[in-house]
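Here's the structure, in structure tokens; my notes come after.
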There are 2 protein chains.
Amino acid sequence: MTHQLRVDARENRDRVLAAARELFAKSGLEVTMRQIARRADVGPATLYRRFPTKQDLVLEAFEDELVECSSIVYDGAADPDPWRGFCDVIERTLLLNARNQGFTDAFMSAHPDVVDFEAHREELGRVVSTIIRRAQAAGRLRPDFVFDDFVVILLAGRGLTAAPAPTRDAAVRRFAAFMIDGLRVADREPRTQAGSAAGEGSSGPRPHPRS
Amino acid sequence: MTHQLRVDARENRDRVLAAARELFAKSGLEVTMRQIARRADVGPATLYRRFPTKQDLVLEAFEDELVECSSIVYDGAADPDPWRGFCDVIERTLLLNARNQGFTDAFMSAHPDVVDFEAHREELGRVVSTIIRRAQAAGRLRPDFVFDDFVVILLAGRGLTAAPAPTRDAAVRRFAAFMIDGLRVADREPRTQAGSAAGEGSSGPRPHPRS
DNA sequence: AACGTAACGGACGCATGCGTCCACTTGCCG
DNA sequence: CGGCAAGTGGACGCATGCGTCCGTTACGTT
């Protein structure tokens, strides 16, 4: 179907993709098509011919990440230990998102005009919901945890992309660890039920006794 | 010292500040000086005369937030219950940051070219460290928690500004609750010591036992 | 009422990003 | 080895943001 590219064209295309991945990861989706072209040592027209839309470029540049995202989620769903599966999904997803400013932007639809990952989001969302229910059925995940909470945690992880790069992974792992500690049911006292995440004001349940 | 402004000038100035606060809160620091001027129904020159630099405008627009930030921290330090003080600081800081995209940007130096809150950051940082030590001395906060972890949590909260506005406060409170649950020391088994947040690779301590 | 000046906003020149067009280059096939 | 279509990158026109200049308006004072 697709015409076979001439070898120099193929090379340029690959360089463009490499540049895009690099810049997207470092600086998010706000990088300019021009910047990518410059980095790839290519004229703007070449870039636009191969990828007429930024969306096209983003989709292809993040193909690996999308695959990994699927792996993470399906691995989690397949883990014989529901709790470990859940924890791994949380940690690995956070790591993936924190490493890749651009991917987070894309997946969270931070720039709806540029990319639409709605389809992927919905599919993975279903699987994650399954994982959540499974972990709760096993009595390990607090029963008031809902899918929206997962999204909230991912959103939070997005903020961590701002952490200084050298210590970022460590920070993310640490953050994930704290978070997970807050999500597991207490070893002794079974936690009381509480309402869902979104929708009600400050009069809602107070999930954390402070006294 | 400062010349008394003419009444119309004073009005315009106030309108500019109102517009700036509104736009900064909603869309972060990336809003244009022009946009602010337009919203305030004022020419660009007027805006620039009153606030020659975006930094000037930001500093004055966020004066209230800076004050509240101080209140939060000093309130926390003054609370007779060290743990409650710590929890309040976490929750209120997260709420403040999530409500105000622009303030978060400013405080986290997301746009270092535009604003420099270094001074404020350092002062508040010292107080927060005190709060942390106090909560730990009381045996309520996990002993491996360090100031950098606090920053990490704030960074995470920054991501929550992306949550849909109507449910944001609820989401933030919920997030804070989970987080706090993960930070308190377990009721029964005293937690083991662990290393500090930043600096070491994946071989570091695993603060959360998963099995 | 008249005047001097603070205050105003439109307009300018510069920079940058956008997507497209086109004259030149170059790989590939006969 | 020659021709041609695929491929290329520079340049263009448009849009927008920036900070500044300057002729006009109108406040407040005398």
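Proteins come first, then strands; the chains are lettered A, B, ... in the order of their sequence lines, and each starts at number 1.
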Quiz prompt | Nucleotide of D:dC21, C:dG19, D:dG10 approaching A:A45 most closely (side-chain heavy atoms) | solution = D:dG10
Practice problem: Check whether any side-chain nitrogen or oxygen of A:T46 sits under 4.0 Å from OP1 or OP2 of D:dG7, and answer yes or no. | Solution: no
Quiz item: Thinking salt bridges, do B:D181 and B:R184 make one under a 4.0 Å N-O criterion?
Solution: yes
Self-check item: Any N/O donor-acceptor pair, B:R34 side-chain to D:dG19 base, under 3.5 Å
Solution: yes
Quiz prompt | CG-OH distance between A:L57 and A:Y48, expressed to the nearest 0.5 angstrom | solution = 10.0 Å
Practice problem: Please determine, for the side chain of A:R38, which listed nucleotide (C:dG17, D:dC18, C:dT20) has the closest atom? | Solution: C:dG17
Quiz prompt | Rounded distance in Å - CZ (A:R10) to P (D:dG7) | solution = 12 Å
Quiz item: Whole Å only: how far is the CZ atom of A:R15 from the C1' atom of D:dG9?
Solution: 12 Å
Quiz item: Do the non-hydrogen side-chain atoms of B:D79 and B:D75 ever get within less than 4.5 Å of each other?
Solution: no
Quiz item: Starting at NZ of A:K54 and ending at C1' of C:dC18, how long is that distance when rounded to a whole Å?
Solution: 10 Å
Exercise. When you get a sec, tell me which of C:dC28, D:dG19, D:dG28 is the closest nucleotide to the side chain of B:V7?
Key: D:dG28
Quiz item: A:A9 near the nucleic acid: base, sugar-phosphate alone, or nothing, with a heavy-atom cut-off under 4.0 Å?
Solution: sugar-phosphate
Quiz item: B:D8 side chain: which of D:dC27, C:dC28, D:dT20 is closest?
Solution: D:dC27
Quiz item: Rounded to the Å, how far apart are A:Q55 CD and C:dG19 P?
Solution: 13 Å
Exercise. Determine yes or no for a side-chain-to-main-chain donor-acceptor pair under 3.5 angstrom, with A:R142 supplying the side chain and A:G182 the backbone.
Key: yes
Quiz prompt | Nearest-Å distance for atom pair CE/C1', residues A:M33 and D:dA15 | solution = 17 Å
Practice problem: May I ask you to verify whether the side chain of B:R6 and the base of C:dA7 hold a donor-acceptor pair under 3.5 Å? | Solution: no
Practice problem: May I ask you to say what A:R13 touches in the nucleic acid, namely base, sugar-phosphate or nothing, with a heavy-atom cut-off under 4.0 Å? | Solution: nothing
Quiz item: Does CD in A:E63 sit with more than 12 non-hydrogen atoms of other residues, nucleotides or ligands closer than 6.0 Å?
Solution: no
Practice problem: For C:dA7, take OP1 and OP2 only and decide whether either is under 4.0 Å from a side-chain N or O of B:N12. | Solution: no
Quiz item: Nearest-Å distance, CG (A:L57) to P (C:dG17)?
Solution: 16 Å
Quiz item: Quick one: is B:R49 getting a side-chain N or O under 4.0 Å of the D:dT20 phosphate, OP1 or OP2?
Solution: no
Quiz item: Could you give the CZ-to-C1' distance, from A:F51 to C:dC18, as a whole number of Å?
Solution: 18 Å
Self-check item: Length of the OH-P vector between A:Y48 and D:dG10, whole Å
Solution: 15 Å
Self-check item: B:V42 side-chain proximity, nearest of C:dG9, D:dG17, C:dT20
Solution: C:dG9
